[in-house]
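Here's the structure, in structure tokens; my notes come after.
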4 protein chains.
Amino acid sequence: MAGPAKIGLVDRTLRNLKGAWNDIAQAMTGARIVASDPSLPPEDLARVLEQMRACLEGRGGEVSARARAADLGRTYLALNGKGRRRFLAILAKDFDVDRAAVAAAIRALERAEGEPMRRQAERALRTALDAPRIKLLRQFTALPDGVKFLVDLRAELLEAGDDDPAVAALEADLKALLGAWFDVGFLELRRIAWDSPAALLEKLIAYEAVHEIESWGDLKNRLDSDRRCFAYFHPRMPAEPLIFVEVALSHGLADSIQRLLDSSAPVQDPRQANTAIFYSISNAQKGLVGISFGGFLIKRVVEELATEFQNLKDFATLSPMPGFRRWLERELKAARAPLLPPEIKTLAALPGGAAQEDGLAALLATAGWEAKPALARALKGPLMRLGARYLASERREDGRALDPVAHFHLSNGASIEQLDWLADRSEKGLSQSYGMMVNYRYRQAEIEANHEAYSGEGKVVAATQVKALLRP
Amino acid sequence: MAGPAKIGLVDRTLRNLKGAWNDIAQAMTGARIVASDPSLPPEDLARVLEQMRACLEGRGGEVSARARAADLGRTYLALNGKGRRRFLAILAKDFDVDRAAVAAAIRALERAEGEPMRRQAERALRTALDAPRIKLLRQFTALPDGVKFLVDLRAELLEAGDDDPAVAALEADLKALLGAWFDVGFLELRRIAWDSPAALLEKLIAYEAVHEIESWGDLKNRLDSDRRCFAYFHPRMPAEPLIFVEVALSHGLADSIQRLLDSSAPVQDPRQANTAIFYSISNAQKGLVGISFGGFLIKRVVEELATEFQNLKDFATLSPMPGFRRWLERELKAARAPLLPPEIKTLAALPGGAAQEDGLAALLATAGWEAKPALARALKGPLMRLGARYLASERREDGRALDPVAHFHLSNGASIEQLDWLADRSEKGLSQSYGMMVNYRYRQAEIEANHEAYSGEGKVVAATQVKALLRP
Amino acid sequence: MAGPAKIGLVDRTLRNLKGAWNDIAQAMTGARIVASDPSLPPEDLARVLEQMRACLEGRGGEVSARARAADLGRTYLALNGKGRRRFLAILAKDFDVDRAAVAAAIRALERAEGEPMRRQAERALRTALDAPRIKLLRQFTALPDGVKFLVDLRAELLEAGDDDPAVAALEADLKALLGAWFDVGFLELRRIAWDSPAALLEKLIAYEAVHEIESWGDLKNRLDSDRRCFAYFHPRMPAEPLIFVEVALSHGLADSIQRLLDSSAPVQDPRQANTAIFYSISNAQKGLVGISFGGFLIKRVVEELATEFQNLKDFATLSPMPGFRRWLERELKAARAPLLPPEIKTLAALPGGAAQEDGLAALLATAGWEAKPALARALKGPLMRLGARYLASERREDGRALDPVAHFHLSNGASIEQLDWLADRSEKGLSQSYGMMVNYRYRQAEIEANHEAYSGEGKVVAATQVKALLRP
Amino acid sequence: MAGPAKIGLVDRTLRNLKGAWNDIAQAMTGARIVASDPSLPPEDLARVLEQMRACLEGRGGEVSARARAADLGRTYLALNGKGRRRFLAILAKDFDVDRAAVAAAIRALERAEGEPMRRQAERALRTALDAPRIKLLRQFTALPDGVKFLVDLRAELLEAGDDDPAVAALEADLKALLGAWFDVGFLELRRIAWDSPAALLEKLIAYEAVHEIESWGDLKNRLDSDRRCFAYFHPRMPAEPLIFVEVALSHGLADSIQRLLDSSAPVQDPRQANTAIFYSISNAQKGLVGISFGGFLIKRVVEELATEFQNLKDFATLSPMPGFRRWLERELKAARAPLLPPEIKTLAALPGGAAQEDGLAALLATAGWEAKPALARALKGPLMRLGARYLASERREDGRALDPVAHFHLSNGASIEQLDWLADRSEKGLSQSYGMMVNYRYRQAEIEANHEAYSGEGKVVAATQVKALLRP
């Protein structure tokens, strides 16, 4: 974790503040700051340690202890990178699991006789296995933006990537805590529209991870009357989307992201639409990595849309294939010849002066191939077949689909509906997947079976046309 | 847990529904009910067990599993008392901690070498100590009022008072879960006023536990411009107060609850008030017993009031002494003579024909003594001294103040400010404490010290006038 | 207008205030009170007059003038009945239409040449016809509850019933002003339910004018899941319903108000209901008498209900016949014999010992006739025929239906669907209409034609069964 | 009124709609469109005329009439410029004041005897002077955005600038109607901030009339923590600001608009600010021209700010002088020599090669003079003196200050506090006033007196330093 504070809310306040450390700290907090220097030198560290102890012991009563925890949190926010690393290190190490206590609890459990004693001993062991630092983490919720604080804290821990096992365990504690609090049952689904707060929309622009939002005009277009955007929120982070999905209401499947995002295209009457296209799903909080609600989001949004628009029949995605090109290049390097597609051989002369024998790799290396009709036409067949194979057959060692987006949708119970040739002509699209995209389809009645087929037997369900591409 | 469903929301729907079980169930849920009979006979039980397993295994994907959990929850709601006991029994026993797994995890921990392995083994042991039923409880949050469902489920478990250790452990699991979710950092403080929803105010009437609210008129008076009422809410139970406090804004300490609640008394200008009297604090959710936020509530309300009213100087309670009479009667029975107060002896003739030698017990047995001025006058001195002794000196074996209300305020950092003679002339007041009440006082600057004094050394801080009552 | 202030908001503040006039005034207003005595003696009157002038001249600028108007308004609120009469008298008379100015404007109009000059002269004449007091009335909107203030002011003027033509003209000015502001296009329709603010529900209890709401329990029953209540609100009087309607969702027409209001009756599933019964419509603001929105309310509520409940087919009322008994008694007195219904003659012996020749009047005078089955049976036929005649054929001199409720619904385009025998057995019901009630029906497709038939030709549309009652 | 529809809401819907007129109309309205062609040919006109009549006669009942008026309104929205002009012309002429009726009413008034008759005749005359079209205009409020419709209708009438007296009178009727509805007592002051809806903020960007908002970033900066923005809203146009003011919280007077709007400047702690600078006030609705609430807005915002920030001492503007350059150029042309300022003569050599004798006009014609320090220095004195004279002494024929912004603030009771040299270096600033700006100051205690001085005697109150500039 290098550099200055990452915490958004504070950053804004800090943005232009100049002056002494103490002023900064006070300006941010209006409260007691335990440390005197943002890098937390030894004497400050001792004070911080003492205050952590006081919090955990509940000195002066629970209410006071929690107020003290809030002061600690504010102190943390005012630290620089070095200070924060020191702060987290003592939190992780000085309040780690007490192994002697664990050993004692195990012995007590082994000695326990009778059901009630055994239960009690089990409970005691379970308690001993919880590091004391967890209690302190909980107390940080007393901060005004306490939950966001903890989410960002985990983001910093992950970014710092500290090798220390105690620090890693602190991160794991935090993940467990956040996992309990961000249970999907506690989240609120909210629609985001052009009359949502600008302060919220600004975050969509920042967090969009699939197809960059280029301007407020682009955003407005994505929130027009034939579009929908939904996000999950936590009641204690009401201004922060956790994950959001962008949907286009259309006639039939969308097969080009550029056409779909074209703000000069006519607005459709959404009541006539028969298909909802989920074209972008972005996780917004780095600190919630590994705590998943994407599948729930899709299902809830399908329900919302089906209620609002009676004519909707199909729910599908227009998804990237982020690992396709990387995979294909690796394959081509490893075993070039067999991949040379037969169509290529029939081409009399290849644009760009490439010889037939150069095969696919050379053709794909041709600058601007996608804009050369003959070449693009020639490449379409082979690439589509390779794309289908990549999505449907290529696996990681643990059995998951190699493509992470494919894994997400397949494990959610979707099927592969269609591959879309040159559906994303942006630089990113070409560099990720030669511009190829894919539609995954969600059919209510098949979701459970699809999920079981994929999770259990590793079987991927695909539409006839995709299967055709898979045939040798 | 006898009788039909206690869950409020469902009760309302059920209220007048007549007809077959299946209709009822459907009317309530609009969804699949796993059982066919509200008493859950064996074949239904088997089906329920199967569905519980499906949920825990995540069969058909997480989203489906959770939908299935919701169906289970709805099934539970539609069961009768017998059916519910059976449901909870299999949940407790068939999804209990797996002791073989715990033993294996302990062995693995003992064999683990190197820091990372050890950490992993600790984590695995901790996981093994969590009963699988916990995961199912979490999934119930997918119900529309899922959190309230779990709170009420615990209330039913507590009420049933099942001796089975597995059921008791289920209740403990639930308590731990609710304790994490109802962390005070997640709660919202809201003011309740006469323009709050009637559906909410109705709950105040139902939940008020200290001084019964007799009518909507009485309630309106308690929400008048010189009164305040605040409650904590959980974001997932927005229509249910968790705990609420009623406050009167006055000049000086209040020393009579009847005067304070008299709706014909003139309304004061609250901006002139110098004292806030907390005269009633009620826990509203039986299912949250043992998860405390009372101390936080008082502190937050003090802050709110201090911000709204600049002239407020003192914050105090007007509190009952619920165990005083029971204690005194026990004392009198055990050792009658020494308690005979000297003032009594100076009375020439006692009303009601009681002889001096009958002592305090006889005098207090005189019907309507509180309305006989001479007798009441005679009793005041001795009872006040006994009341002070009861509050300040009498302890439980564990060192807590014998009086539960005294313990609550003293451990929150309050001091005993004043005893109030015949401050509650209601039947309840007389039967609990001979009508005596007490003011506890909260002074911001002394709260931490008072708490430490009481928690650490068992010392009670009292005002001079109370100390005078304590002198022999 | 006798007695103390009627204005609700102030009353509440004043309720218990004791003390000198000035304190009261200040407590209410926090501002300059122009008068020194609540009865507005001459010297105060002069000050008030001076301030009215200052307001109208905009002395010190518009903002200051308006602040001064607000002070005047507060002064008025603090006056007693006598003071208020004086205040209104000078407002009416000293700021009346200037007749010399009108005459001059008429002359100018008559002399005006050319279109532009004429237009200008017309505008000037129109301005001259507006009394200056209107401008002051407008300025009262600057009071915190300024619009409610003016509504209540008109209520007081109407109640006082002052004969003075200037005061009557002031009331007419106010009516015109309120008529413009309370245009139905500006009103908000809001549903009122059990989770509406208690402060609002309390007003329903106070304002219900048709079937008294007896308790909060009665009210809750009227807001249950198979009931609906809607009201119009003005954006500047958000806490005050203007008019509200209570609706029951049922199977078929309701023919008994007691059954309909029985809180022990089972709650119906509203989604199954095919009929919406409008059983109570109450105007809530006396100061808005003569400004009608009842017809709009019914139409909007029909739309709301039709959207929420797809199965609703019929929209009808269950209405009182407030003038039926009064009319019949007059008729009986005037021409007794011909009204003796033939059925009566067939009765061998009449309960209560009445002789046949006593006729209807005597029978109806029998105490408790409605509880004597034979007698009630005998009376049903004749009374139903008379009721139908009363509703459908009896007219005021101006051609309106004699019954005011009938006029309201018929002019809104409803038809008479059914007469309900002993549908209101309450004392009020019996004394108004021998317990008879009527269902008016609203059929979307017929509303315009019905209205035209009634308004134009005075024709009443009635169902076959009602027509049968009308046949000789 | 040339060109296509200007009404915002419809434009948005129409934006991309292609196809036949009828489809467009239906898409917009979901309702009966009276016309068949957007240019309203004769046969359509006849139908429209007939429907207008039906509305005014209340044919089919008030509710139906109003629904019909709404259809008319939707028809209007779907017309093109030509059709709209035709629509408005028949509305203006066919429903104009009935002069025969006015003449008859005048005669009746002259004949009226006795007070009640006279009053009635006056009322009748007043009614006769109201054109029937007014009733129809009122009925348009039944449209979903009815009030906005009427505001935009007036904007179109003003823009069209039709010479026809009837059309002008229609516009005057509309102005009177809007004036009554947009009484400041009915408006809501709302703060606008970065968490306001983007759909609202977008309107600020569009409506800002003083210092153009260049981007969303610029806007965000204007809504930062040391800035405030407030607007008036009408309850029936909740998404449309009527007028808004932008305020900077600072230390001392701001004397440069570029510095004030610099988004790279440090954010100030607003709690430390002692001065509130009103740097931009924009009217947002062309259709409300002539209905003023600017003075009220400033006063209300001063109150809001004074409540939020205890340290604020001064409230002032940083205002443009829009007519200064135009005035000076006229003056220079008319009488060049006397305006030659003495300072100029002392300059040895003028940059740009201008000769001394060329005087001010020539100097100001020097391209980029403001960036040439010596020249700018030389010009400062004379221009500042001329600016002071322009603001404080130059008048229109009717006695108002020549500068419209000066008139606005002076008539609101402000004084001239300071002239700011090169305070607006933008192209607009230089072309309006050679970059000069002015601070008007609002002092609560002096507002009434200042207003009276200016309105009554035409006296302008100015600070000592401004008076110094005015001395010969």
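In this text, all values refer to a predicted model and were calculated from it rather than measured experimentally. In what follows, every chain begins at residue 1, and chains take the letters A, B, ... in the order their sequences are listed.
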To the closest 0.5 Å, what do you measure between CG (C/L201) and CG (B/L201)? 9.0 Å
Rounded to the nearest 0.5 angstrom, the CH2-CD distance for C/W194 and B/E202 is 5.0 Å
How about [atom1] on [X], more than 12 heavy atoms from neighbouring residues, nucleotides or ligands closer than 6.0 Å, or not?
X      : atom1 : answer
C/K428 : NZ    : yes
B/E214 : CD    : no
B/E188 : CD    : yes
C/E212 : CD    : no

Could you look at [X] and say if it's the side chain, the backbone, both or neither that has a heavy atom under 4.5 Å from chain B?
X      : answer
C/L200 : neither
C/Q268 : neither
C/S196 : backbone

